[in-house]
Amino acid sequence: MINIETQYAGLTLRNPLIVGSSGLTSSADRNKSFEKAGAGAIVLKSLFEEQIEMQSVILMKDTDYPEASDYIREYVKANQINNYLELIKKTKAICSIPVIASINCYKADAWIDFARQIELAGADALELNVFFMDTDLTHDYDATRALYVNIIRKVKEIVKIPVVIKVGKYFSNIPALVHILKINGADGIVLFNRFYRPDIDINTMQLVSGNVFSNHSDLSDTLRWTAIVSGKIPEISISASTGVHDWEDVIKCLLVGASTVQMCSAVYTHGAEIISQVLTCMEEWMNQAKYNSLSQFRGKLNYANIQNPGMYERSQFMKYFSNRD
Ligand SMILES: Cc1cc2nc3c(=O)[nH]c(=O)nc-3n(C[C@H](O)[C@H](O)[C@H](O)COP(=O)(O)O)c2cc1C
């Protein structure tokens with residue numbers, strides 16, 4: 001009997017497959033369909049701090065009365081939050097798999113109250129999608145890292161549910177970042193978020209949106225950093241995300257040490273059925289390889305467990321290309 005249960009950031013999941021935060025998970029009924037298809041957990045669409053603030057600003061432009069502006073700002077904020085809390089409650093009412101709420105934030109204080117309300121609404125964990133595009137010439141890297149640390153510290157003071165941080169891959173030392181987040185209370189890390197990608201239309205001479213969805217080639221960075229982080233910081237739960245499109249990708253993520261694997265683009269492209277297909281194929285692979293549980297092969301190919309861990313590092317990558325004609 002194959003057991004594909006996994007532990008992730010203090011939660012027990014029936015399997016490692018998580019539907020990633022996106023519009024896909026913004027409806028309780030759709031979340032139920034993901035559960036029926038076999039998902040181990042879902043991460044709800046993010047509540048965006050930026051979105052709440054922007055809506056307030058737009059509405060405030062329509063009034064010259066400062067009291068009214070204050071009222072409207074609070075009203076808009078409350079309604080955004082209430083809709084989100086409703087989503088958590090409705091999803092929890094009909095789903096039995098863990099429901100992970102998500103907040104997109106880039107400041108260390110304004111939204112902290114949301115975290116408490118999210119916990120009270122019944123979320124099983126909280127994923128913090130922390131990102132800001134730092135392009136200020138006078139900012140230094142330590143300040144950016146301090147912001148992340150501050151956020152995790154403050155949230156952990158407020159909530160008891162597990163808190164996971166979802167980061168992008170644009171850091172100069174990802175293991176050091178994960179290490180300091182772990183020390184400051186992070187229960188897990190999502191490697192990685194994938195951001196809006198700009199492109200250029202040379203006919204209209206305009207900036208346009210690039211591919212919204214990832215593809216297989218995006219998996220490589222996910223594998224590399226999951227392998228390195230899991231090898232160097234085995235105590236932290238890693239959710240591998242970006243570029244996971246089929247069952248083989250899922251197995252690869254587990255082999256490099258992920259506790260869970262998130263899928264988003266693939267679910268957009270193929271629908272909820274991809275979840276059951278991935279699980280079936282994964283179990284077949286485990287059966288053939290004579291594995292009864294994930295722990296028998298998880299991390300087998302991570303940085304700590306392969307003979308030449310330098311393979312995961314950039315210098316080896318360059319050496320490979322320098323030998324090519
Ligand atoms: C249409 C769309 C909407 C998304 N919305 C969110 C979001 O609200 N919050 C978040 O943390 N990530 C969001 N993401 C990022 C995904 O959760 C995921 O991290 C990213 O797409 C990489 O995974 P994938 O390669 O499986 O698509 C979104 C992605 C897509 C494609």
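These numbers come from a predicted model, not from an experiment. By convention here, the first residue in the shown sequence is residue 1. Atoms within each ligand, like the ligands themselves, are counted from 1 in listed order.
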So for atom [atom1], which belongs to [X], do other residues, nucleotides or ligands contribute more than 12 heavy atoms lying within a distance under 6.0 Å?
{"X": "Tyr170", "atom1": "OH", "value": "no"}
{"X": "Ile158", "atom1": "CD1", "value": "yes"}
{"X": "Leu207", "atom1": "CG", "value": "yes"}

Checklist entry - How about Leu44 and Leu87: do any of their side-chain heavy atoms sit closer than 4.5 Å? => result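 They are in side-chain contact.
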
List every atom of ligand 1 that sits less than 4.0 Å from any heavy atom of [X], numbering the atoms from 1 in the order shown and giving each element.
{"X": "Ser241", "result": "19 (O), 22 (C), 23 (O)"}
{"X": "Ser214", "result": "24 (P), 25 (O), 27 (O)"}
{"X": "Phe213", "result": "31 (C)"}
{"X": "Lys45", "result": "8 (O)"}

Next on the checklist: Counting the benzene-type ring for Trp, do Phe171 and Tyr148 have ring centres under 6.0 Å apart?
Outcome noted: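 Phe171 vs Tyr148: aromatic centres under 6.0 Å.
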
Item to check | Check: Phe297 ring centroid to Trp285 ring centroid under 6.0 Å | outcome: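 Phe297 vs Trp285: aromatic centres under 6.0 Å.
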
For [atom], what is the nearest protein heavy atom, given as residue, atom name and distance?
{"atom": "atom 5 (N) of ligand 1", "result": "Ser22 CA, 3.4 Å"}
{"atom": "atom 27 (O) of ligand 1", "result": "Ser265 OG, 2.5 Å"}
{"atom": "atom 26 (O) of ligand 1", "result": "Cys264 N, 2.8 Å"}
{"atom": "atom 9 (N) of ligand 1", "result": "Ser46 OG, 2.6 Å"}
{"atom": "atom 20 (C) of ligand 1", "result": "Arg194 CB, 3.8 Å"}
{"atom": "atom 6 (C) of ligand 1", "result": "Ser21 O, 3.1 Å"}

Checklist entry - Side chain, backbone, both or neither: which part of Asn129 comes within less than 4.0 Å of ligand 1 when only heavy atoms are counted? => result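 Only the side chain of Asn129 comes within reach of ligand 1.
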
Does [X] come within less than 4.0 Å of ligand 1, judged by its heavy atoms?
{"X": "Ala266", "result": "no"}
{"X": "Asn104", "result": "no"}
{"X": "Asp218", "result": "no"}

So for ligand 1, is [X] a polar contact partner (N or O within less than 3.5 Å, distance only)?
{"X": "Glu127", "value": "no"}
{"X": "Lys166", "value": "yes"}
{"X": "Phe48", "value": "no"}
{"X": "Met263", "value": "no"}

Next on the checklist: Quick test of your reading of the structure: of Asp249, Thr242, Leu128, Asn193, whose heavy atom lies closest to atom 23 (O) of ligand 1?
Outcome noted: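 Nearest option to atom 23 (O) of ligand 1, by heavy atoms: Thr242.
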
Item to check | Option set Phe195, Tyr268, Tyr196, Phe192, criterion heavy-atom distance to atom 2 (C) of ligand 1, minimum | outcome: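 It is Tyr268 whose heavy atom sits nearest to atom 2 (C) of ligand 1.
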
Item to check | Side chains of Tyr303 and Glu313, donor plus acceptor under 3.5 Å | outcome: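 Looking only at side-chain atoms, Glu313 and Tyr303 do form a donor-acceptor pair, the distance falling under 3.5 Å.
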
Checklist entry - Looking only at atom types and distance, does a side-chain atom of Asp218 sit under 3.5 Å from a main-chain N or O of Asn215, one as donor and one as acceptor? => result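 Present.
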
Item to check | Side-chain (Thr25) to main-chain (Lys45) donor-acceptor, under 3.5 angstrom | outcome: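 Flag set: sc Thr25 to bb Lys45 pair under 3.5 Å.
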
Item to check | Distance (rounded to the nearest 0.5 Å) between Gln262 CD and Lys166 NZ | outcome: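 Those atoms lie 5.5 Å apart.
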
Checklist entry - Between Asp187 and Lys182, is there a side-chain N and carboxylate O pair less than 4.0 Å apart? => result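 Looking at Asp187 and Lys182, the cut-off is not met.
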
Next on the checklist: With a 4.0 Å cut-off on N to O distance, would you call Glu157 and Lys154 a salt bridge?
Outcome noted: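 So Glu157 does not pair with Lys154 through a salt bridge.
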
